Amino acid sequence: MSLAQVHYTSAAPGDEGTAGRFTAVGPGVSGALLAEIEPLVRYELPDGVPERPSDGELRALPQAFGYFTLSDGSRLVVRSAPVRDTGGTGAGVRFHAHAVHLPPGVPLPGDRLPVEAWRSPHWVAVTPGGATPDPLALPPGPAAVSEGLDDFAVSRGPWLAAVLADLRRASDAEAAGRPVALVERQCADVARWLGLASVTLPRESAERLTFTTYTRRPESSASRVVGVGPEDAGAARAAGLRVHECAGPAPAGSTGDVWATTAARVWRSRSPELFREARELPGEPFAAGPLAVTALCAGVTLGPDERAAAAGWAADRPYALDAKRTGQLVEAIASPGIDDRTGPEFDAAGRLFGALEGRCPASVTAPLAAMLVTEAVRGGNGSLELPRRDAFAGPEGAEVAERLGPEILTELADTVGSRSVARTVQLLRVARLLGVDGTDSLPGVVDRLAPALLAEASAAAHEGPPGFAPALLELLDEQFEVRTALLGALDRIAPQDPGAVARFLERVALPFTGTQALPHLRMCAEVPEAMATLGGDRAAVWHRVLRAAGLSPFAEPLVLRTAVGLVWEDRAPTVEEARLLLDAATSDSHRVAGTWARLVDAALSTSTAGTSATGTSATGTSATGTDEAARLAHDLLRGFPAEIGGRERAGLLLLDLVRELRTGAPEPGWAERVRTLCAQAEPVEPALRERAHAALVERLLAPDRPGAELYDFVHGADAELIAAYDRTARTASVRARLRTQPAYAADCFTVWTAHPHAGRAWPPVAAALLDDVLRPAVRGMSAEDVAEVEATVGRTGSSGRADAFRNWNRSSTLGRLGRRIAGRVRRG
């Protein structure tokens with residue numbers, strides 16, 4: 001069909017107030033469309049154009065070739081070119097625009113893309129003489145735009161990937177981003193960029209790519225791609241366009257767009273036909289995989305990201321390529337000349353091998369298998385999916401084993417350098433794949449691997465299995481001898497840190513359900529379920545965990561250590577739990593297991609809740625708990641005399657002395673023993689010191705205490721002990737005994753007045769007790785009880801002591817009487 005054409009010419013000199021006029025309009029182009037078309041066809045000369053340019057200078061001026069979408073869905077292809085003004089003096093420059101209007105759904109002749117018309121010889125610079133312009137005709141055959149594109153692409157190599165990436169985004173139907181500005185010195189080079197896009201992009205994308213090869217006002221252009229000269233690059237950048245200064249220095253860095261990078265490499269290899277071949281493969285229009293596969297099969301050199309995309313695409317679609325292209329792809333990916341492979345590329349190659357294994361002959365996949373195991377050994381990539389063992393059954397496998405075997409054995413035998421768990425597991429698996437005999441080095445390998453498993457798992461901050469877990473489990477499933485040796489090594493180190501082993505087994509379910517005894521591992525695996533089931537009953541949990549070992553602590557004392565470490569990992573047992581542990585095995589078993597130290601901790605920690613003179617601690621613990629701890633201390637001192645020493649021994653002796661002071665007949669020298677043991681137990685727990693002091697002064701406040709002990713205490717001048725005596729003497733229990741037991745009151749009067757010159761600490765405390773404690777008690781007694789106190793003082797002391805009591809009591813009575821008389825006088 002004939003396409004309507006439009007001609008527009010700029011205003012002649014003297015036509016003031018007009019920019020130009022339409023000189024010819026084809027049928028079907030309405031006035032409304034003309035109003036929309038007019039700003040699209042206007043042309044503005046670059047700066048510095050001579051007023052009377054020569055013919056050569058006129059030909060060198062840029063031409064604006066554009067393709068636009070109009071509001072009614074129709075399109076416009078236009079060329080605006082500068083022409084000499086033949087009117088007047090004939091020296092000026094005007095412009096003439098020649099446009100072709102394409103109704104919706106109507107293509108250019110020959111179904112050409114708009115950019116293919118830019119070199120058409122049928123564009124005219126003058127308005128035809130007839131009323132209706134002739135139809136635009138394009139030359140038959142290949143479009144002239146494709147000529148020289150290879151050379152142009154090579155010359156623009158540094159900009160190719162970035163520009164193609166932006167042109168792809170600009171062609172997106174949903175694109176709402178900034179227009180792309182291509183800065184070139186020649187507008188023809190902008191057209192060549194669009195020619196590259198027309199070959200690289202799918203047709204429907206290229207048709208959406210509206211453009212103009214030259215404009216002075218990029219900020220107001222309605223096109224997705226605009227060409228500007230170097231002098232207007234700043235304006236384009238200020239307007240927020242995505243600017244590519246192809247006329248300036250080469251850019252640095254990569255685009256991060258694998259498809260665009262692959263397309264750029266295809267252009268630089270002068271193989272644009274590959275774009276058409278790639279579009280025949282399945283996949284998204286701009287997926288890098290199909291293009292990268294096509295390029296590799298054609299011998300184009302690609303980078304690691306592009307090779308990874310090709311391998312990943314082929315791994316997902318192993319049926320999409322025929323045998324020939326599959327072989328070409330594998331050969332290209334596994335080429336020994338490549339030295340820039342990355343981890344993601346190896347991972348993709350591993351997936352490709354897994355997809356092709358069994359589908360293709362082993363001779364096809366052998367290069368991939370060799371590449372993967374070589375990287376596993378030399379590159380240290382612990383995340384690779386390794387081939388199966390039968391991939392190395394042929395001569396290729398023997399060659400790889402001969403080359404890599406010594407390296408594997410040398411590294412496995414190294415016990416000095418640092419080697420991660422993933423690395424060790426990978427080396428062991430590769431050794432088996434290649435048939436490398438590592439029997440001699442296996443004991444040393446597992447002895448190093450076992451603690452490394454616990455350390456790396458503990459260092460991992462995240463929950464769940466550590467990163468090496470899948471490969472480790474595969475190793476243990478593949479190699480029985482490694483599984484046996486590693487589980488045995490873990491079982492041997494479990495008693496040293498059973499909590500760490502238990503936490504590791506919760507994250508990595510090791511297979512130890514076979515015939516190996518592994519008592520410690522079985523205990524570590526049992527404890528989480530036991531704690532969840534039995535809750536806070538640690539004694540019950542301990543019994544259940546110990547049963548899981550399958551061994552008696554008499555036969556294998558170390559199970560005691562493991563069980564205690566699992567149940568009481570971060571705390572000491574209570575005294576009742578410690579008694580249970582002590583009775584569960586002989587002292588020899590506890591000595592071998594080292595658990596006697598946990599029993600010592602239990603005895604000493606139980607004593608740290610301070611007990612008052614009433615027998616109840618500040619935390620609510622009764623004296624019964626202290627007595628139990630003291631009995632436990634007594635048994636521990638007897639059962640482990642050579643093991644317990646230092647401050648722990650002194651603390652236990654102090655605790656045992658507390659028991660003797662309260663229930664037995666301790667050896668003489670109570671106060672001195674308390675002072676000596678406290679000094680030896682330094683830093684002694686304050687609560688234990690308080691208990692010892694309380695037990696001592698409670699015994700000294702008893703009426704049946706030996707006088708020698710009281711004398712030593714008073715004349716020892718220990719301010720801390722005397723302060724404890726003062727606190728205990730002021731308690732409610734002592735005050736009640738003083739009020740109700742005249743003999744006890746008499747005894748206290750005798751003691752508190754007997755040593756007036758015993759150092760500095762005792763006299764003021766004794767005087768204060770007489771006034772603050774004993775005097776109120778005597779005041780509350782009946783006359784008969786007071787007389788009995790006086791008589792008892794006289795019998796146990798002397799007549800002078802009885803006189804002293806009467807004088808002391810009389811001064812109190814007179815003081816009360818005087819206060820009563822003074823009160824009555826005041827009231828009168």
Side-chain angles (χ1 to χ4, degrees), residues 350 369 372-393 397 400-401 404-458 460 465-497 500-502 504-522 524-525:
L372 292 172
V373 296
T374 301
E375 167 64 13
V377 174
R378 294 179 176 174
N381 191 335
S383 64
L384 284 178
E385 287 290 335
L386 294 176
R388 291 201 299 265
R389 192 173 186 180
D390 54 12
F392 299 94
V400 175
L404 298 179
E407 300 178 26
I408 295 173
L409 294 178
T410 299
E411 186 170 351
L412 286 176
D414 180 16
T415 59
V416 178
S418 59
R419 186 171 65 239
S420 67
V421 169
R423 177 64 175 166
T424 301
V425 170
Q426 192 79 306
L427 289 174
L428 290 171
R429 296 187 67 200
V430 173
R432 176 181 178 274
L433 288 178
L434 301 179
V436 177
D437 185 6
T439 304
D440 293 340
S441 62
L442 185 59
V445 171
V446 297
D447 284 344
R448 179 176 176 173
L449 178 59
L453 292 174
L454 305 181
E456 288 194 23
S458 176
F468 59 75
L472 174 66
L473 295 177
E474 289 187 20
L475 168 69
L476 300 184
D477 184 58
E478 294 166 353
Q479 303 184 43
F480 173 78
E481 67 281 2
V482 174
R483 180 171 72 247
T484 302
L486 181 59
L487 293 179
L490 284 171
D491 192 70
R492 288 191 297 274
I493 67 176
Q496 309 304 322
D497 193 354
V501 176
F504 175 76
L505 293 179
E506 282 191 274
R507 300 173 65 183
V508 183
L510 294 182
F512 53 89
T513 56
T515 58
Q516 280 182 278
L518 306 175
H520 304 284
L521 286 187
R522 297 183 189 279
C524 293

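If you're wondering where the values come from, they're calculated on a predicted model, not measured in any experiment.
Ala489 and Ala450 get closest at one heavy-atom pair: CB-CB, 3.8 Å. When every heavy atom of Leu404 is checked against every heavy atom of Arg378, the shortest pair comes out as CD2-NE, 3.7 Å. Considering every non-hydrogen atom in both Leu505 and Cys524, the closest pair reads CD1-CB, 3.8 Å. Of all the heavy atoms in Leu472 and Phe504, the pair that sits closest is CD2-CZ, 4.4 Å. Glu407 and Val377 make their closest contact through OE1-CG1, 4.0 Å (heavy atoms, listed as atom of the first residue, atom of the second, distance).
Atom-to-atom distance recorded for Arg522:CZ and Asp491:CG is 9.0 Å, nearest 0.5 angstrom. Expressed to the nearest 0.5 Å, how far CD of Glu478 lies from CZ of Arg429 amounts to 4.0 Å. Here the CZ-CG distance, from Phe468 to Leu473, works out to 9.5 Å after rounding to the nearest 0.5 Å. For the atom pair CG (Leu449) and CZ (Arg423), the distance works out to 13.5 Å, reported to the nearest 0.5 Å. The CD1 atom of Ile408 sits 6.5 Å away from the CG atom of Leu427 when rounded to the nearest 0.5 Å. With rounding to the nearest 0.5 angstrom, the CG atom of Leu409 is 8.0 Å from the CG atom of Asp437.
Using a cutoff of 4.0 Å between basic side-chain nitrogens and carboxylate oxygens, Arg492 and Asp447 are scored as salt-bridged. Salt bridge Glu411/Arg419: absent, no basic N to carboxylate O contact under 4.0 Å.
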Notebook entry, point to check: After noting the C-alpha distance and the side-chain angles of Leu486 and Leu475, does the key distance pass the side chain to side chain contact (heavy atoms under 4.5 Å, CB included) rule?
Noted result: CA-CA 11 Å; Leu486 181 59; Leu475 168 69; 5.8 Å; no

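The shortest distance between side-chain heavy atoms of Leu490 and Val501 does not fall below 4.5 Å. At least one side-chain heavy atom of Leu476 sits less than 4.5 Å from a side-chain heavy atom of Pro511. Counting only heavy atoms from C-beta outward, the side chains of Gln516 and Leu487 approach each other to under 4.5 Å.
A donor-acceptor pair under 3.5 Å is formed between the side chain of Ser441 and the backbone N or O of Gly438. Side chain of Ser458 to backbone of Leu454: no donor-acceptor contact under 3.5 angstrom is found. In terms of modelled atom types and a separation under 3.5 Å, the side chain of Arg507 and the main chain of Pro465 share no donor-acceptor contact. The main-chain N or O of Arg432 is never found under 3.5 Å from a side-chain atom of Gln479 such that the two would form a donor-acceptor pair.
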